[in-house]
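Report on one structure; see the data block that follows.
Predicted model, so just to flag it, every value in this text is computed and none were measured. Quick note: residue numbers are just sequence positions, from 1.
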Amino acid sequence: MYLADSRGTGVTAAPDPGPGRRPAAVPATVLALGAVSLVTDVSSEMVTAVLPLYVVAGLGLSPLGFGLLDGINNGVGALVRLAGGHLADGGGRRHKTVAGLGYALSALCKPLLLLAHTLPVISAVLAADRTGKGLRTAPRDAMISLATEPRHRGRAFGVHRAMDTTGALLGPLVAFAVLRGTVDGYDAVFAVSGCVALLGVLVLVLFVPGHIAPAPAPATTAPGRPVPSPEPARPTLRDAVGLLRRPELRALTLCATLLGLTTVSDSFLYLLLQREGDLPAHLFPLLPLGTAAVFLLLALPLGALADRTGRRRLFLAGHGVLLLGYGLVLSPWHGAPAVVAVLVLHGTFYAATDGVLAAATAAAVPARHQGAGQALVGTGQALARFACSLAFGAAWGLWGGRTALAVTAGALAVSAVVAAFVLRPVPEVSP
């Protein structure tokens, strides 16, 4: 187990627990970061749950206009993620600082939505919010990777994503309660969201250690004593970009990008489900709960399964599940049972891909490049989803939502076949 010292400035390995006992697979640092993500996701998902209906029904934006907003929500911080990952890589001492700046920026953006009533203003606020997400994501995942033994990374990311998804589960419930209990529902949602986001920043400052040393490798020079390794020099920007010369990381980035181009955003999927199922508008914020509940239940077991059977294989299988979900939306089967089935498949897709991709990336890069490595893969995926949102919004406006989804489903099937040939199991990269 890995514990913060009394001053909160470091994380070290606990002493050998003795024969017959194993160190904890999930370090305390991962649990602290999970708590930060839980609180922050309550805030974020409150906004996400009402934003599609707010801009389409409340402000009267077209599907193309919403596609632009949704693309910003998913991809505008992608390039910032590269900068955040590189800035955080410096012996592990700046991961918390960079992540904290990202969380703080996103928290400050939530109240600004109270003043946003036009597409340009809403776009600017969402761009700043996603910039904060871009700054914090890679350093956070790097901290999880560094604090966890390589053989347990799938489990650790699964625990973190489960806690994160608990917030995603609670956020729409809070938004639903606020909408039902207030007159100016949307403004109240944005105000409460800002307060909750500030609480997440406070948890980060108080409970996440400032320095996280890499977890010891399994190999030892003597029983119970890790192999010593010299402190590496601070990585340069050229080193970070040069990570793409690694075949295993290049393959991951390529496949994450290719599959991201055919991943319809949650908001568009929920809009389609709401229209196909004729759900009342006030029930719309509850749709993400189905996805979040399944994600919460399956994140840990699928993360542990990925550690045993192969993370890349499970990542591809998750996209196969997503393809089944698309097919179900396009099928003649409608009504509440069909909506529930789609949400179950959607949540399974996230449980099999989100943390699993981060764990696979961590295995493909050295410890001192964890931030940059996570940023490279995440940036490719985020930019691809940004492009998908724009294309899907335009296709919806031209041909309708069902036709746009049918085209996307066909592209996903082709992309999954290509990715299956590109991805191959690779050994863990040594620190």
Heavy-atom neighbours of Trp399 CH2 exceed 12 at 6.0 Å: no
4.5 Å side-chain heavy-atom contact, Tyr186 and Leu179: yes
Tyr103: partners by ring pair (Phe, Tyr, Trp, His ring centres under 6.0 Å), with sequence neighbours left out: none
Pairwise side-chain contact, Lys96 with Pro209, heavy-atom cut-off 4.5 Å (strictly under): no
Distance-minimising heavy-atom pair for Ala341 and Leu328: CB-CD2, 3.4 Å
Within-4.5 Å side-chain heavy-atom neighbours: Pro366 and Arg246: yes
Close side-chain approach of Leu259 to Leu316, heavy-atom, < 4.5 Å: yes
Side chains of Thr40 and Arg136, donor plus acceptor under 3.5 Å: no
Test item: side-chain donor near acceptor, His319 and Thr353, under 3.5 Å: no
Minimum side-chain heavy-atom gap Val36-Arg140 below 4.5 Å: no
Within-4.5 Å side-chain heavy-atom neighbours: Arg155 and Val26: yes
Donor-acceptor contact present, side-chain Arg250 to main-chain Arg245, <3.5 Å: yes
Summary of salt bridge (Lys or Arg N to Asp or Glu O under 4.0 Å) pairs that have at least one residue in residues 31-42, sequence neighbours excluded: none
Stepwise side-chain contact (heavy atoms from CB on, under 4.5 Å) test for Phe176 and Leu289: CA-CA 11 Å; Phe176 176 75; Leu289 295 181; over 6 Å; no
Separation of Arg153 CZ from Ser145 OG (nearest 0.5 Å): 5.0 Å
Shortest non-hydrogen contact between Arg312 and Ala364, atoms and distance: NH2-CB, 4.4 Å
From CG (Leu272) to OG (Ser267), nearest 0.5 Å: 11.5 Å
Least distance between heavy atoms, Leu343 atom then Leu273 atom: CD2-CD1, 3.9 Å
Side-chain heavy atoms of Asp141 within contact of Phe157, under 4.5 Å: yes
Parallel, tilted or perpendicular: rings of Tyr270 and His346 (30°, 60°): perpendicular
Steps toward salt bridge (charged side-chain N to carboxylate O under 4.0 Å, His left out) verdict (Asp266, Arg385): CA-CA 11 Å; Asp266 297 357; Arg385 290 183 176 179; over 6 Å; no
Leu302/Val356 under side-chain contact (heavy atoms from CB on, under 4.5 Å): CA gap, chis, key distance, verdict: CA-CA 8 Å; Leu302 289 185; Val356 172; 5.5 Å; no
Phe315 and Leu252: CA distance, side-chain angles, deciding distance, side-chain contact (heavy atoms from CB on, under 4.5 Å) verdict: CA-CA 10 Å; Phe315 178 71; Leu252 271 177; 5.6 Å; no
Check: Asp307 side chain, Gly154 main-chain N or O, donor-acceptor pair, under 3.5 Å: yes
Non-hydrogen atoms of Gly132 and Leu105 that approach each other most closely: N-CD2, 3.6 Å
Spacing of Thr263 atom OG1 and Phe268 atom CZ [to the nearest 0.5 Å]: 14.0 Å
From OH (Tyr350) to CZ (Phe295), nearest 0.5 Å: 8.5 Å
Any donor-acceptor pair under 3.5 Å from Lys110 side chain to Ser44 backbone: no
Inter- and intrachain pairs under side-chain hydrogen bond (donor to acceptor under 3.5 Å, both in side chains), touching residues 165-178, at least two apart: none
Validation row: His160, Ser37 side chains within 4.5 angstrom (heavy atoms): yes
Closest heavy-atom pair and its distance - Leu323, Ala409: CD1-O, 3.3 Å
Step-by-step side-chain contact (heavy atoms from CB on, under 4.5 Å) determination, Trp396 to Leu405: CA-CA 8 Å; Trp396 187 328; Leu405 184 63; over 6 Å; no
Under 3.5 Å donor-acceptor, Gln374 side chain and Thr137 backbone: no
Any donor-acceptor pair under 3.5 Å from Tyr326 side chain to Val264 backbone: yes
Whether Glu45 side chain and Leu169 backbone form a donor-acceptor pair below 3.5 Å: no
Reported OG1-to-CG distance for the pair Thr309 and Leu314, which is rounded to 0.5 angstrom: 6.0 Å
CG on Leu296 to OG1 on Thr291, rounded to 0.5 Å: 12.5 Å
Check: Leu330 main-chain N/O paired with Arg402 side-chain donor or acceptor under 3.5 Å: yes
Between Thr408 and Thr262, a side-chain donor and acceptor under 3.5 Å: no
Shortest non-hydrogen contact from Val377 toward Ala256: CG1-CB, 4.1 Å
